[in-house]
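In what follows, a single structure is set out as structure tokens and then discussed.
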Number of protein chains: 2
Amino acid sequence: MNDFKERKKKILQVVIRHYVRTARPAASGMIVRDYDFPFSSATVRNVLAELEEEGYLTHPYTSAGRIPTDKGYRFYVDRLMEAQKLTQEEERHIAREYRAKRRGLEEVMRQTSKMLSLISHQAGFILTPTLDRNFLKHIELVALGGKRILAVLVIQAGLIRHKTIQLNYDLKRSQLYRISKILNEKLSGLPLSQMREEMNRIIEQESNKYLGLLQTAKGLIGQAFTSEESEIYLEGSANILASVKEDLYDYAGVGSVFRAIEEKRIILDIVRRLVQSEGVKVLIGKENLYPELKDFSVVSSTYKSGNRVVGALGIIGPKRMEYPKMVALVDFVAKVVNNILNSEGG
Amino acid sequence: MNDFKERKKKILQVVIRHYVRTARPAASGMIVRDYDFPFSSATVRNVLAELEEEGYLTHPYTSAGRIPTDKGYRFYVDRLMEAQKLTQEEERHIAREYRAKRRGLEEVMRQTSKMLSLISHQAGFILTPTLDRNFLKHIELVALGGKRILAVLVIQAGLIRHKTIQLNYDLKRSQLYRISKILNEKLSGLPLSQMREEMNRIIEQESNKYLGLLQTAKGLIGQAFTSEESEIYLEGSANILASVKEDLYDYAGVGSVFRAIEEKRIILDIVRRLVQSEGVKVLIGKENLYPELKDFSVVSSTYKSGNRVVGALGIIGPKRMEYPKMVALVDFVAKVVNNILNSEGG
DNA sequence: ATTAGCACTCTTAACGAGGGAGTGCTAATA
DNA sequence: TATTAGCACTCCCTCGTTAAGAGTGCTAAT
């Protein structure tokens, strides 16, 4: 019984590997031939039929070889595939790229999504950190002329958020300076998510002293923290076109995939769900609930700031992808990004 | 003779319009039928043959209809096509989108490229302003903790450039404040391109007073102004996929187009050349010198800050595009962006 | 439990024929 | 001289046919 199961697994594994490599359905005869299988093709056929019945495989038409279903891929990812490391060159390449230039968060984001797409030959992405539950280190208000102010929030080393604020009244430079001072005194060290409430509390407590200024400050804070959305950086969607071309079986829906990728909202939503927990996650085919991406898989991991998960990164590609490699890549890059965000001047 | 030429032009125009609309070669009979042409198809055939001989048209095989060459499109754009306006709805739509949320330059950039792609059904793009020759209004240095400083350069209302600077020595907050003050005194009102030299001059003149600080300031300026590259925002490349699909004659090379578009370097280069002069420009097929884009056209215009051209925006699509419409769109959006950049608090 | 054998299915490529669209040319016409 | 009718010719496209090939599913034998 155990022996039997082992063989079945092995066959499933071979089918998936073959299909991933060649984009052609795996045939029973082929499996026996190419993988030195100690049984006849007929036996393999029986097993394949079982696997199909149990939902791990299908075939596009009666007499084609087998290709994996989502369930098949899922089983492979969870139980069958062996961990893999990137090659030395690849790791070196990544390290070098980051070393070359990395100033500011934006650069890191761009770099990362590019990196991911380049090595995976899939579309790579990275979410900008969500910082709501992180602590404010420092706030700076810069007068931009006119009625505009630039609010710069320093959260962690390397993590900066800035936002232009449009006022409908004038504010003298001296006032701005005083407000800035007050805000820093009162708000530093608090989590970003509490800024608003905290402002209200301050105003209640200290209403006597400098009410006008505080009201102004409240307005500023209100504007600086509205619509605190994550952004997504995405590179390499051209790769997807290429890999779809190889695929013989479903050309349809490439357009919708592209649209979905470009729209980014969908990706954002999918990834946001994955951020909930740490570590490398794999979403196969319909497991992500958007029909536009039903023929695609997402491999992603998270990165932290301090000990808090603040963002995610990963790759998107056709279901038929080299999962072990992809997992290794995403894992590695996540670690690199972690290092960058947490090492310097932390 | 004049009459003769008019007819020829008319026929060229009809061929182009037809091909743009339907993606099918225009046949002599078809022209007569669909456009109430007061001659026989034979006559038209003669003219078509002439036009082909002169290089304005080709046909993909002996007995297919005619399609325009680059030269044909060029003539159409320069001499034949009639100016067109966007529909009321479209203009309203654009205006509304911009009104909805526009804080900060980044938002405007993103908005614009999205807008362009949405209405044109092509890939839309916009270059961020190149500000080298604009005047510095104000400079602000923000300590980010560790050895990092954020330099915020205010150039015009709405035009802000910021850059994180990595030092390899510590800088006290008081020092930073003094440096900031000096920089503002000495550098405000100068063009960005002269910052470096100006710093050197200042140091020479005032070396006696506070040499150390000035040297530090020089370092900061040096870093803040290096690699002042334009960025490009690009949306809607999925649209290109769709329009290529319609085309029967050249499927090949879609991959390379996508790669080119995503790489952005090529687009950047092409557009940068177009920025030289004002107004709407059309580049047809091979006129842009990159073979990857030989089957595509670029319609672009520039936008200004003050009275200086600082950036470009436009759309990219297959040669077979509705030029009049595209020109109208690009023109309109360029004007809107101009308004935004120059109106408020200017 | 495994396997050999074979019929059956479906794909793919190649081929050819027929129809159709459209041109190019020539000769007639206004 | 400019236009047009007419017609042969070219080339594509579609469809049906065919043949080969790949691979399965099943049955019966081991």
Side-chain angles (χ1 to χ4, degrees), chain A residues 1-12 14-15 18-19 22-54 56-69 72 246-251, chain B residues 1-12 14-15 18-19 22-54 56-69 72 246-251:
Chain A
M1 181 65 179
N2 189 17
D3 196 277
F4 171 80
K5 270 192 163 172
E6 277 312 314
R7 191 179 64 185
K8 203 154 153 186
K9 280 190 213 166
K10 178 74 185 168
I11 288 176
L12 179 56
V14 167
V15 170
H18 178 266
Y19 184 65
T22 64
R24 317 227 168 260
S28 59
M30 192 258 111
I31 293 173
V32 174
R33 222 182 314 114
D34 291 14
Y35 292 84
D36 287 335
F37 204 70
F39 297 94
S40 80
S41 67
T43 310
V44 173
R45 270 202 294 285
N46 290 332
V47 179
L48 289 177
E50 284 178 47
L51 282 168
E52 177 159 4
E53 200 156 343
E54 295 164 30
Y56 295 102
L57 299 175
T58 3
H59 46 202
Y61 53 90
T62 333
S63 110
R66 299 305 205 293
I67 63 176
T69 60
E246 283 185 14
D247 239 311
L248 297 168
Y249 293 101
D250 36 349
Y251 245 112
Chain B
M1 182 65 180
N2 189 18
D3 195 278
F4 172 81
K5 269 192 165 172
E6 278 311 313
R7 191 180 63 185
K8 204 155 153 185
K9 282 190 211 165
K10 178 75 185 166
I11 287 177
L12 179 54
V14 167
V15 170
H18 177 266
Y19 184 64
T22 64
R24 315 225 170 263
S28 58
M30 192 257 110
I31 293 173
V32 175
R33 223 182 312 115
D34 291 14
Y35 292 83
D36 287 337
F37 204 71
F39 297 94
S40 79
S41 66
T43 311
V44 174
R45 270 202 293 286
N46 290 331
V47 180
L48 289 177
E50 285 178 46
L51 282 168
E52 178 159 4
E53 200 156 342
E54 296 164 29
Y56 296 102
L57 299 175
T58 1
H59 47 202
Y61 53 91
T62 333
S63 110
R66 298 306 205 293
I67 62 177
T69 59
E246 282 184 14
D247 240 310
L248 296 167
Y249 292 101
D250 36 347
Y251 245 111

For the pair made of CD1 in Ile67(A) and P in dT11(C), what is the distance, rounded to whole Å?
14 Å

No-H, no-angle donor-acceptor pair, Ser63(B) side chain to dA21(C) base, under 3.5 Å:
yes

Could you give the OH-to-C1' distance, from Tyr61(B) to dC11(D), as a whole number of Å?
7 Å

What is the distance, rounded to the nearest whole Å, between atom CZ of Arg7(B) and atom C1' of dA2(D)?
8 Å

Report yes if at least one side-chain N or O of Arg24(A) is closer than 4.0 Å to OP1 or OP2 of dT12(C); otherwise report no.
no

Between dT3(D) atom C1' and Lys8(B) atom NZ, what is the distance in whole Å?
16 Å

Where is the tightest heavy-atom contact between Val14(B) and Ile31(B), given as atom of each residue plus distance?
CG1-CG2, 4.0 Å

Distance below 4.0 Å between Ser28(B) side-chain N/O and dT23(C) OP1 or OP2:
yes

In whole angstrom, give the distance that lies between atom CG of Leu51(B) and atom P of dG24(C).
12 Å

Pairing partner (Watson-Crick or G-U wobble, both distances under 3.5 angstrom) of dA28(D):
dT3(C)

Closer than 4.0 Å, any side-chain N/O of Arg66(B) to the OP1 or OP2 of dG24(C)?
yes

Nearest-nucleotide 5' precedence on DNA chain C, Asn46(B) against Ser41(A):
Ser41(A)

Does dC15(C) have a Watson-Crick or wobble partner in any strand here, with both distances under 3.5 angstrom, and which is it?
dG16(D)

Just how far, in rounded Å, is C1' of dC9(D) from NE2 of His59(B)?
14 Å

When you check the phosphate oxygens OP1 and OP2 of dC11(D), does a side-chain N or O of Thr62(B) lie under 4.0 Å from one of them?
yes

Write down the atom of Tyr19(B), the atom of Pro25(B), and the distance for their closest heavy-atom approach.
CD1-N, 3.9 Å

For Asp34(B) and dA21(C), give me the distance from atom CG to atom C1', rounded to whole Å.
14 Å

Do you know which of Arg7(B), Lys9(B), Lys8(B) makes salt bridge (Lys or Arg N to Asp or Glu O under 4.0 Å) with Glu50(B)?
Lys8(B)

Consider the side chain of Ala27(B), meaning its heavy atoms from C-beta on, and name the nucleotide among dT3(C), dT23(C), dT3(D) that approaches it most closely.
dT23(C)

Tell me whether the side-chain N/O atoms of Thr43(A) come closer than 4.0 Å to OP1 or OP2 in dT3(C).
yes

At less than 4.0 Å, is any side-chain N or O atom of Arg45(B) found next to OP1 or OP2 of dA21(C)? Yes or no.
no

How about Arg66(B) and Thr58(B): do any of their side-chain heavy atoms sit closer than 4.5 Å?
no

What closest approach, in Å, do Gly65(A) and His59(A) show between heavy atoms, and which atom pair accounts for it?
O-CB, 3.0 Å

Figure out the CG/C1' separation between Leu48(A) and dG25(D), and round it to whole Å.
12 Å

